[in-house]
Amino acid sequence: STVGTVTEVYDYVRALYATIGTQHCPRCRVPVGSQTAQQIVDRLLDSAAEKRVVLLAPVEPRHNEGYETLLQRARTDGFVRVRIDGQIHELSEDIAIERRLRHRVELIVDRLAVRQRELSRLNESVERALELSGGELIAYYPDEEEETRYSRRYSCPQCGDAFSPLHPQSFSFNHQQGMCSICEGLGEGEGVDRELVIADHSLSVRAGAIALWGAIEDADFARLLELAGSKLGFDIDTPFAELSHAARRALLYGAPGERMALNERGHAFCYRGVLPIIDETARRSTRHKRTLKQVPCSACEGSRLKTESRFVYLRERSIADIARLPIAESQPFFADMALDVREGEIAGELLQEIRTRLDFLERVGLGYISLNRRTATLSGGEAQRIRLASQIGSGLTGVLYMLDEPTIGLHPRDNRRLLDALAALRDLGNTLVVVEHDRETLQEADYIVDMGPGAGREGGEVVASGSPSAVQDAPNSQTGA
């Protein structure tokens, strides 16, 4: 668990991104939207001219309907072929299908060559496929053995890739809808020690900053890096130490889903980044096993989320960006966020909950901690203050709280914030019993029980009790002295 999940802040942030966030295509870096049937036809004519294409409509059994009934209904409707789990079958055959397992069933609506003179037939087939599937269509190219998914609901306007609607689970690293499939939501895995990857931070990539590459003398390799850098925002002639954080991330992690033009003849390439390739090579090589250690996952950059979830933006920031920020920096992002009328109606309460809970965390002196900080790495005092902030946010009354030295690990300048938070909890109608040695905390107490006169075996007696002024006047109290 993380600070964000324990305090429930991340739960509200997930809901906010699912509600008013904008999905972007990881490959094209553009906002995703819905496509009309005519736009799908135009895209097929543009990208698949003169190619043989099979148009398929993904279908699911109706309520309480089995796969046998679904196939029988397809036969009755006049369909001849179906693709099940990637295999094409004739519907005239007796198709054996395991009813207890989930299957991908796609009706073959038409098989044709994409030509302008076949436009009328193409339009009818696309409309029919979208109607059967409820808005989904798959274009399968048998000659290339490739396929493209189109959606009338949610797809990229440039490459046509379809995306699932956003849900809070889309941003959960504990749920299959949101977790990184490589590290399974853990955020780390076996990889090369990052200290060994960069040979010299003062060198540029071309001059040999990347230890494995050394100085780049191959002109073709240098050109590929230059093209990738111009697209993703890094320069191979700038010293590594002077690259921005975004440029370093682009260089090290790449953009594996994005195809970049190589020349005017239509050739393209993908830049996968430095770390994913090095990690994959080292894991497969027995000679490099000694260089492996637990490192941030090179697929999700340690965010624990799948690629699609990391490309949902709200006010130009992804949820992974927000989770990495210290609370003192993420707080202004939400505090200054202005919602329009529609956004206010559907997400106003979510935003207010986030603001309130971040404010509580800041009040107890935890502004330096990020939401993705793992709870196992917190000190005892930090863990107590996180629970304290959660309790303040819950608004409970009539509760007895016991705290053991909550100021441990806290900078003295933040003591005042913690004491104000404790006072707020008391003012709600709760009782707080605090074991503490901090002078400022003792001075703020309503009642002190001073145990002593010494420590360990030399203690165990009530030396003084009462208000801070009464304890201060007690002759046998070392605390009062």
Side-chain angles (χ1 to χ4, degrees), residues 2-5 7-33 154 156 163-173 177-180 185 187 231-234 243-255 257-258 296-297 299-340 342-344 346-359 361-362 366-373:
T2 65
V3 171
T5 56
T7 59
E8 297 182 348
V9 174
Y10 191 67
D11 296 334
Y12 287 102
V13 174
R14 288 193 295 119
L16 184 71
Y17 268 77
T19 305
I20 60 174
T22 303
Q23 176 76 64
H24 284 61
C25 175
R27 181 186 302 178
C28 307
R29 311 295 176 97
V30 297
V32 165
Y154 213 45
C156 174
F163 296 83
S164 301
L166 294 176
H167 301 284
Q169 292 88 344
S170 304
F171 306 97
S172 171
F173 43 77
Q177 277 187 250
M179 70 169 60
C180 169
K231 182 74 173 179
L232 302 178
F234 63 85
L243 291 174
S244 67
H245 178 66
R248 291 187 189 187
R249 281 176 59 188
L251 170 67
L252 296 175
Y253 292 100
E258 184 172 353
C297 173
C300 65
E301 305 175 33
S303 69
R304 309 166 79 174
L305 298 174
K306 66 180 183 180
T307 303
E308 292 84 349
S309 301
R310 290 185 285 115
F311 276 84
V312 177
Y313 292 96
L314 178 59
R315 306 299 189 266
E316 301 182 357
R317 283 188 179 271
S318 71
I319 196 168
D321 295 335
I322 295 300
R324 290 191 189 101
L325 290 176
I327 288 168
E329 294 182 27
S330 61
Q331 190 181 18
F333 172 77
F334 292 107
D336 299 338
M337 186 181 293
L339 304 180
D340 59 30
R342 184 192 69 85
E343 291 175 334
I346 60 179
E349 292 184 7
L350 292 173
L351 183 58
Q352 187 55 47
E353 284 287 347
I354 294 169
R355 288 169 174 169
T356 302
R357 290 168 188 268
L358 289 177
D359 181 58
L361 289 168
E362 177 72 15
L366 293 173
Y368 60 91
I369 287 180
S370 60
L371 292 177
N372 68 354
R373 172 86 173 266

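Hydrogens, waters and symmetry mates play no part in the numbers below; they use all other heavy atoms, side chains included.
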Those residues at least two apart in sequence (or on a different chain) that pass side-chain contact (heavy atoms from CB on, under 4.5 Å) with Asp321 are Arg249, Arg317, Ser318, Arg324

Mind listing the closest non-hydrogen atom pair of Tyr253 and Cys297 along with its distance? CE2-O, 4.1 Å

Residues at least two apart in sequence or cross-chain that pass side-chain contact (heavy atoms from CB on, under 4.5 Å) with Glu329, listed by chain then number, are Leu325, Pro326

Between Ala255 and Leu232 the two heavy atoms that sit nearest each other are CB-CD2, 3.8 Å

Value for CE (Met337) from CD1 (Ile354), rounded to nearest 0.5 Å, stands at 7.5 Å

What heavy-atom pair brings Ser303 and Ala320 nearest, and what distance separates the two atoms? CB-CB, 3.9 Å

Arg310 side chain to Leu305 backbone, donor-acceptor under 3.5 Å: yes

Stepwise side-chain contact (heavy atoms from CB on, under 4.5 Å) test for Arg355 and Gln352: CA-CA 5 Å; Arg355 288 169 174 169; Gln352 187 55 47; 4.0 Å; yes

Could I get the full list of salt bridge (Lys or Arg N to Asp or Glu O under 4.0 Å) partners for Glu362, not counting sequence neighbours? Arg417

Evaluate Ile319 against Val13 for side-chain contact (heavy atoms from CB on, under 4.5 Å), listing each step before the verdict. CA-CA 8 Å; Ile319 196 168; Val13 174; 3.8 Å; yes

Correct closest heavy-atom pair for Leu16 and Ala347 would be CD1-CB, 3.7 Å

Would you check if Leu350 and Ile20 make a side-chain contact, meaning some heavy-atom pair closer than 4.5 Å? no

List the atom pairs, with distances to 0.1 Å, where a side-chain N or O of residues 164-171 and a protein N or O form a donor-acceptor pair under 3.5 Å, not counting sequence neighbours.
from	atom 1	to	atom 2	distance (Å)
Ser170	OG	His167	N	3.1
Ser170	OG	His167	O	3.1

Hits for side-chain hydrogen bond (donor to acceptor under 3.5 Å, both in side chains) against Glu308, two or more places apart or cross-chain, chain-then-number order -> none

To the nearest 0.5 Å, what is the distance between OH (Tyr17) and OG1 (Thr22)? 10.0 Å

Just to verify, what does Thr2 make a side-chain contact (heavy atoms from CB on, under 4.5 Å) with, not counting sequence neighbours? Thr5, Phe173, Arg304

Drop me the distance from Met179's CE to Cys300's SG, to the nearest 0.5 angstrom. 11.0 Å

With Tyr313 via ring pair (Phe, Tyr, Trp, His ring centres under 6.0 Å) - residues at least two apart: His24

As an exercise, state the distance from CZ of Phe334 to CZ of Arg357, rounded to the nearest 0.5 Å. 13.5 Å

Between CG of Leu358 and OG1 of Thr7, what distance do you get to the nearest 0.5 Å? 7.5 Å

I'd like to check the ring pair (Phe, Tyr, Trp, His ring centres under 6.0 Å) partners of Phe234; sequence neighbours left out, ordered by chain and number. Tyr271

Interatomic spacing from CZ in Phe163 to SG in Cys156 - rounded to 0.5 Å: 6.0 Å

Sequence-distant partners of Asp340, side-chain contact (heavy atoms from CB on, under 4.5 Å), two or more places apart: Arg342, Glu343

Applying salt bridge (Lys or Arg N to Asp or Glu O under 4.0 Å) to Arg29 and not counting sequence neighbours gives Glu258

Report the residues that fulfil side-chain hydrogen bond (donor to acceptor under 3.5 Å, both in side chains) with Ser244, sequence neighbours left out, ordered by chain and then residue number. none

Sorted by first residue and then second, give each salt bridge (Lys or Arg N to Asp or Glu O under 4.0 Å) pair with at least one member in residues 10-26; sequence neighbours left out. Asp11-Arg14

